Amino acid sequence: MSVIGAYARALAVRTGFAQPVASVRHIHLAEAPLVLVPLRMAGEANAPLAAMAGTDELSGTLLVVPQPRDRDLRFAFAGLLGDLLLGYVERCAAAGSEPVKPPRTPRQPAGRPLPDSLLSGSPSSSPGGAGGAAVAAGPEGTAGAADGDLRADEDALAAAEATGPERFLDAPQVLVPNRAGVEFARLFGRSTRFRSTLGEYAVPAGVPLLGRWLTFLAQRAEHPGSSALVAMTEALTLHWATGQSALEDANLAALMAWIDPPDGLSGPEAARLAEDPRTWPPAGPTTDPQFDNRVLAPAIAAYDEAIALLREQAGLAGAPDPLLADPDVIDSRFRAADLGAARVWPGAPDAPVQSWLRARDEVERAVRGQIEPTWRLMWRAVRRLRELPDAASVPRRWEQDRTRFTSYYAYLRDEDGGLPQARRDGAVAAARRLAVLERELAAYEADQAFDDPLVLANQRVTGDAFVGTVVAAERDRRIANERGTLVTRPLVEVVTVDPVRLPIGTKVCSPARVGQTGVIMSLEPAADGLLVSLELSGGMGRAKVPPPGSVPDMDEVISYTSVLPDGAFSAALPAPEDTPWTHGGPPTPYEPTDGDAEETWA
Amino acid sequence: MRHEGKTEARLSRIRGSEPPRRHNARTIAALTSNPGCARRAVLDAAGVDKERLAERVGFPAAFGQSRFAIVRGNAFERQVKADGCAELLRLLRDLLALDLRDAAYTDLGADGSGEGLDARHVAARERLTRAPGGEDGEGNPGGEGNPDGALFDHPLLRLEVAGQAVYLEPDLVAFQHGGAFHVVEIKSFPVIDGQADAEKVAAAAVQSAVYVLALRRLLGRDDAVSHEVVLVCPKDFSNVPVAVRLDVRRQLIVLEHQLARLTRIDTLLDALPDDLALDLGQDGAGTPVMAVDALTAALGRVTARYAPGCLSTCELAFFCRREASGRTAALGIGVREELGGVETVAEALGLAHGTATPDDDQAESAAMLRTTARVYAEALGAMPETPAGGAAG
Amino acid sequence: MLTVRPGPRDSPAALAARVTDAILADLRSRRHRGVVVDSPPGAGKSTLVVRAATEFALADEPLMIVAQTNEQVDDLVERLAADLADKAPEARVGRLGRAGYVPPPRIDGLPNVAVGSDLRTLGDPHLVVATAAKWAYVKDRAWRWAIVDEAYQMRSDALLAIARLFEQALFVGDPGQLDPFSTVDNDRWRGLTWDPMQSAVAVLLRSNPDLPVHRLPVSWRLPRSAERVVADAFYPFTGFQTGNGPGDRLLTFTGTSRPGAAGPGTARARPGGSGGTLGRAPAGAVDDVLDMAAATGWGLLELPARHTLRTDAEAVRAVADVARRLVARGAVARSLDRGGEEHPVTASRIAIGTAHRDQAAAVRAALGDDLPGVVVDTANRLQGREYDVTVVLHPLSGRRDATAFHLEAGRLCVLASRHRQACVVVARAGIRDLLDTHPSGEPVHLHEPVRFPDGWAANQTVLAHLERHAVRL
């Protein structure tokens with residue numbers, strides 16, 4: 001918890017409404033993001049119960065597994081969800097691509113993270129069609145397999161060097177209600193990506209690809225600053241502070257109650273209502289136990305009975321079972337009841353068909369009642385977030401998401417690619433990923449403070465940044481550097497009342513002049529605060545006298561922060577096959593087995 | 001000095017006409033989750049039904065278990081224990097690299113003969129203490145000698161908690177081999193690619209530690225029971241069980257410390273009014289002995305230490321949260337710290353806005369809060385800075 | 001708590017020599033790819049590194065040495081240069097630094113030291129010393145042997161980046177000190193034997209469980225008064241003994257004693273005041289706690305219970321006052337285990353330790369111009385250092401709640417084991433209660449070895465000990 005966040009929470013308690021902790025939106029928000037609200041069955045290992053998904057509030061698709069313990073139904077559900085997600089992925093890929101700019105000079109002042117643009121990929125020559133491809137089962141363990149996004153990037157990097165690199169103009173953005181929704185995506189990806197569309201345990205076509213893309217998204221979600229898969233509660237708390245605890249903020253309805261309460265209610269009043277599962281069903285993926293016990297369990301039991309009876313009577317009547325080929329997942333786009341009993345189960349007696357359809361509708365109705373409030377809430381939250389302007393560095397970070405998307409998309413189509421992501425990181429992959437995450441985190445934190453005075457405010461309170469007024473500026477000061485050459489090093493003096501806690505010699509940077517670095521030369525008490533003297537370098541062009549505006553002017557109000565991303569790149573790690581003895585040696589090479597596809601699913 | 005009879009009488013007065021709710025492994029484990037809460041300590045010691053109390057005072061707990069989860073949990077446990085724990089033995093053999101072909105299985109559970117807890121405990125103790133020598137001749141198939149280990153299901157254990165004997169009837173399997181016992185804990189959350197929900201594992205670890213402790217006390221020797229328990233869970237997305245060793249030494253240290261501290265319940269009781277009662281009972285006519293107002297008032301006299309974490313562990317949390325509203329701690333202990341440790345939101349804002357005068361203790365916090373308020377207001381008012389010309393793009 | 005202590009009290013020197021011989025024998029045998037040496041505080045870790053390095057030099061065997069910080073590298077280079085000048089005059093030490101590295105005076109210009117940022121410019125010395133970060137950039141060269149110093153402070157991903165450079169290695173470090181950390185909060189690698197967030201030694205030993213692990217048995221730094229508590233709290237399964245006996249380490253005051261005629265900074269102190277004063281800590285109590293520390297090796301100056309900001313002004317002033325009075329009273333350190341060697345405890349022989357940087361800054365500010373040369377730093381930066389007397393602001397002082405950071409065993413261990421004569425801890429009352437009421441519910445990760453000692457338990461042990469040496473305000 002940051003100090004500004006804590007203070008804003010206190011203010012929220014007093015006012016009864018959430019208070020801003022950001023003045024710009026630090027995440028990318030697509031024009032039409034894919035909102036996904038998943039539900040799972042309690043007690044089971046991430047067994048899907050339902051999902052509502054779509055890029056438009058008015059046309060969300062509801063998928064329901066009427067008996068979540070049935071393996072075939074789960075995979076049929078995964079197939080349908082896969083079609084939805086893959087369709088979205090293909091639309092993003094089909095939106096065109098742009099040439100990747102040649103890499104800028106790696107040594108940009110203040111170490112702004114640039115060279116990631118090197119990690120681009122070439123899009124497939126023919127977007128579309130991947131959804132139907134047969135995919136073989138993937139590797140066991142950590143050896144050899146694609147390390148998800150990271151490995152794919154390296155492959156893509158090689159490809160990019162060979163050909164002219166391109167980057168997709170769009171990338172998928174999936175919004176889920178909360179952190180547990182991200183975890184659902186990760187686990188559902190894990191349970192589907194190793195499946196095979198061939199052989200004894202064949203699953204529907206889209207399933208293994210769904211697994212790969214969900215895994216890709218869940219891995220992106222670990223990257224600081226990525227907007228590929230976003231938990232709505234986290235997106236909101238990045239921008240608003242409520243008058244409740246972070247733990248309570250994890251409830252999307254209670255959080256939105258503080259941010260956007262219904263007319264006539266204060267935040268705390270609305271939040272208390274929102275916490276009552278009878279008023280506001282939980283945002284999932286776990287459902288309310290009372291709902292499970294009182295509504296869902298009886299509905300599923302009735303469905304089971306109805307379908308058992310139907311199967312028996314249809315069998316007696318000699319009618320084939322259409323659900324063997326096409327398992328009975330409820331898909332709101334196709335209402336079985338509307339089709340008429342005779343067409344749903346040709347040849348079956350009408351009465352049991354009708355009672356099956358009623359039982360089916362009952363399950364759907366029950367689940368819809370639990371999922372739709374969250375669905376609407378998600379879109380309300382999207383609208384609320386959209387009111388904020390993009391932070392300055394959002395396009396650059398989104399470009400990173402697009403780059404990764406491009407390269408992973410290419411990787412899946414590469415003839416040597418397309419393997420599912422490993423179960424766990426090998427030693428080298430783990431170290432490599434950690435280095436990337438650490439670098440991105442430092443860059444993201446620095447970006448946020450640069451883009452947003454409300455975030456910078458935290459650093460001002462802790463003394464790591466300051467805002468003040470320029471009271472003296474020596475713009476054309478020139479001194480000799482180590483090699484004896486004269487260089488322009490302007491001096492400015494800033495008076496601040498902020499509690500600066502920076503030692504002499506600290507490097508600082510101002511959001512107003514990102515290419516310029518200041519070094520603190522002295523700190524002295526002044527009549528009205530503290531006088532900070534800074535020596536500036538960079539961002540002034542090559543002229544002997546810096547052009548106007550390139551150096552802070554007298555009376556300019558300027559902010560400086562010492563929290564800068566370290567531009568350092570970590571040293572090269574060995575190739576996985578060269579993993580040293582200290583870390584267990586090279587991982588055993590991958591031997592294909594059918595085990596992955598067989599893995600029993602409850 | 002502890003006066004057991006006096007304390008017992010006092011606790012029983014607080015509980016009133018209702019039978020006591022005794023500790024179980026879960027409540028003992030909960031001792032470690034908020035050991036600073038006097039309210040919880042007193043209510044648990046007195047055996048007051050916190051769930052019903054919360055309901056009576058109008059703040060019912062939001063707990064509840066889904067039928068689906070219960071069914072799955074029971075089915076998994078049944079599966080692991082089927083055929084005299086055949087599956088479990090296979091797992092233990094692999095995990096501990098032992099030859100267990102002839103391991104014996106003994107169910108010490110209630111046999112429906114209506115034996116009292118005491119009698120069952122005595123029987124369990126007898127069997128368990130005799131186990132290492134293996135002189136069992138009472139008709140148990142694998143009883144003779146048990147050279148390859150023995151499994152004991154449902155042993156009834158006993159633990160002294162704040163001077164009270166608490167019986168623990170775990171779904172516990174104690175596995176004995178080479179003179180040492182391992183506690184086996186069966187849980188139905190999955191282990192996926194070697195990882196499991198860390199909160200659930202933590203809960204299982206504390207609960208197992210309670211059993212380890214009770215088993216150690218029963219056997220009278222610490223080294224008779226391993227600090228490594230065996231956790232059995234479903235593997236990945238399947239029903240296939242997998243066994244993992246779990247080191248519970250840390251949990252044991254904390255547990256033993258908190259159990260030792262519980263004797264200080266007298267100090268807590270001494271600080272309470274003598275007539276304090278939280279009687280949830282009814283009189284002959286079905287009228288509650290205590291009205292809601294009286295219960296609420298009585299509850300308010302026992303100090304709670306509310307933190308948001310209570311919401312997921314304590315039945316009374318909603319009541320305490322309401323009571324704590326306006327306190328900085330209710331926003332999270334991290335928030336309280338960032339607000340300079342100031343007790344209430346009103347006070348913190350008063351200091352921040354200069355409308356309250358800091359006392360000596362608060363001078364530093366006040367200065368920090370004033371800076372925070374000033375900087376926040378400035379930043380809210382500031383337009384995002386526009387880059388001046390000449391800056392590198 | 002289970003404690004295995006060394007058997008009947010051997011001569012410490014004999015005990016230590018036996019272990020060192022065993023370590024060197026393991027190295028010479030070349031039977032093991034790695035040899036791990038655990039060292040409690042001040043157990044002669046650097047001496048061992050220098051001795052082993054010298055043996056390599058004498059055998060004309062090239063060696064790479066890895067340390068974690070530039071300061072550690074410079075320390076090692078200094079000691080190696082001195083030792084080699086004696087025993088192997090023709091051997092050269094290479095100090096590999098980043099571009100623009102300027103060697104400190106203590107190694108600059110030493111005849112047997114070559115400094116450079118590129119291996120090729122060093123002239124192929126027998127020994128090359130650099131930080132792990134620098135080694136990661138070295139290419140096209142490999143060594144038969146490496147010594148990795150402070151290996152418990154090294155993250156395993158850093159070892160992964162350099163392991164290709166050597167075939168076999170000696171890993172030396174103190175398992176009781178602070179673990180390496182990451183800014184990234186991610187559980188994805190938990191339980192893997194090669195978890196990059198774990199220390200280099202943790203990963204090494206999990207991947208190679210058969211490697212020999214030796215323990216240096218004798219702390220030459222710590223006084224006997226610290227043996228029991230430091231061993232119980234931080235080395236519960238291995239223990240150690242001190243190289244000195246009861247009464248061997250003396251701390252005496254030669255200057256004007258007792259309050260009133262005080263040195264700089266105590267002039268305004270009011271003697272004998274009890275609790276609640278907002279000004280400086282009463283000089284009487286400060287002197288009392290110093291007397292306690294002189295007599296027993298430990299002192300706890302306990303301020304009245306209060307919840308404070310980290311930079312608790314009163315506690316910070318008390319810390320500064322203790323350090324000032326120590327010097328003002330003319331403290332003298334005498335070590336009978338060093339043949340009665342004695343010297344005044346000057347500012348440079350004192351360290352002040354805190355948990356946070358802002359606390360250190362506050363103490364420096366409170367000292368003003370007093371005690372030039374005194375080291376005021378965080379536990380992180382005091383690792384591996386040694387002083388006569390340390391003054392410690394207890395990490396839990398004034399806190400309402402304990403976080404994992406403040407409870408970390410390594411932090412307290414560093415702070416409580418830097419001294420040769422005595423350690424004075426300044427704390428608000430109430431830590432006992434804070435520990436007792438600390439909610440314990442840390443997540444537990446499967447297949448992840450439990451980190452011992454447990455910070456909470458170690459804090460309890462140390463506090464129970466300190467309470468017996470308390471002077472209360």
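To find a chain, count down the sequence lines: A is the first, B the second, and so on, and within it residues start at 1. All values derive from a computational prediction rather than experimental measurement.
- Contact of C:T311 with chain B is made through backbone and side chain together, with heavy-atom distances under 4.5 Å.
- The residue among B:A198, B:G36, B:S33 with the most heavy atom pairs within less than 4.5 Å of chain C is B:A198.
- Crowding of B:R26 atom CZ: a count of heavy atoms from other residues, nucleotides or ligands under 6.0 Å not exceeding 12.
- Other residues, nucleotides and ligands contribute over 12 non-hydrogen atoms within 6.0 Å of the CZ atom of C:R364.
- At most 12 heavy atoms of other shown residues, nucleotides or ligands fall within 6.0 angstrom of atom CZ in C:F181.
- The contact between C:R188 and chain B is made entirely by backbone atoms, counting heavy-atom distances below 4.5 Å.
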List the steps and the verdict of salt bridge (charged side-chain N to carboxylate O under 4.0 Å, His left out) for B:R249 and C:D454.
-> CA-CA 9 Å; B:R249 273 179 294 176; C:D454 174 61; over 6 Å; no
Go through B:R305 and C:T437 one step at a time and tell me if the side chain to side chain contact (heavy atoms under 4.5 Å, CB included) criterion holds.
-> CA-CA 10 Å; B:R305 177 182 290 214; C:T437 59; 3.2 Å; yes
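- No hydrogens or angles considered: nothing links the side chains of B:D361 and C:H307 as a donor-acceptor pair under 3.5 Å.
- Nearest heavy atom pair, residue B:G194 against residue C:L446, reads O-CB, 3.7 Å.
- A donor atom on one side chain and an acceptor atom on the other are not found under 3.5 Å apart for B:Q195 and C:H445.
- Salt bridge annotation for B:E364-C:R310: absent, with no cationic side-chain nitrogen under 4.0 angstrom from a carboxylate oxygen.
- Across every non-hydrogen atom of C:F452 and B:I253, the tightest pair is CE2-CD1, 4.1 Å.
- No other option in B:T313, B:V206, B:V254 has as many heavy-atom pairs under 4.5 Å with chain C as B:V254.
- Atom CG in B:N34 sits 11.0 Å away from atom NE2 in C:H438 (nearest 0.5 Å).
- Heavy-atom distances place the side chain of B:L231, and not its backbone, under 4.5 Å from chain C.
- Only the side chain of B:L246 has a heavy atom closer than 4.5 Å to any heavy atom of chain C.
- Heavy atoms of B:V191 lying under 4.5 Å from chain C belong exclusively to its side chain.
- Only the side chain of B:R336 comes within less than 4.5 Å of a heavy atom in chain C; its backbone stays farther off.
- Counted within 6.0 Å of CZ on C:R357, heavy atoms from surrounding residues, nucleotides or ligands total 12 or fewer; the atom is thus considered open.
- Taking all atoms of both residues into account, the shortest heavy-atom contact from C:D436 to B:Q258 is O-NE2, 2.9 Å.
- Contact check for C:H447 versus B:V244: side-chain heavy atoms found under the 4.5 Å cut-off.
- Remark: B:D270 CG is packed, more than 12 non-hydrogen atoms of other residues, nucleotides or ligands lying under 6.0 Å away.
- In terms of heavy-atom pairs under 4.5 angstrom with chain C, the leader among B:Q251, B:K200, B:H257 is B:H257.
- The two atoms that bring B:A202 and C:E442 nearest to each other are CB-O, 3.4 Å, heavy atoms only.
- Considering only heavy-atom pairs separated by less than 4.5 Å from chain B, the leading option among C:P449, C:A313, C:G398 is C:A313.
- For B:R261, the part sitting under 4.5 Å from any heavy atom of chain C is the side chain, from C-beta outward, and nothing else.
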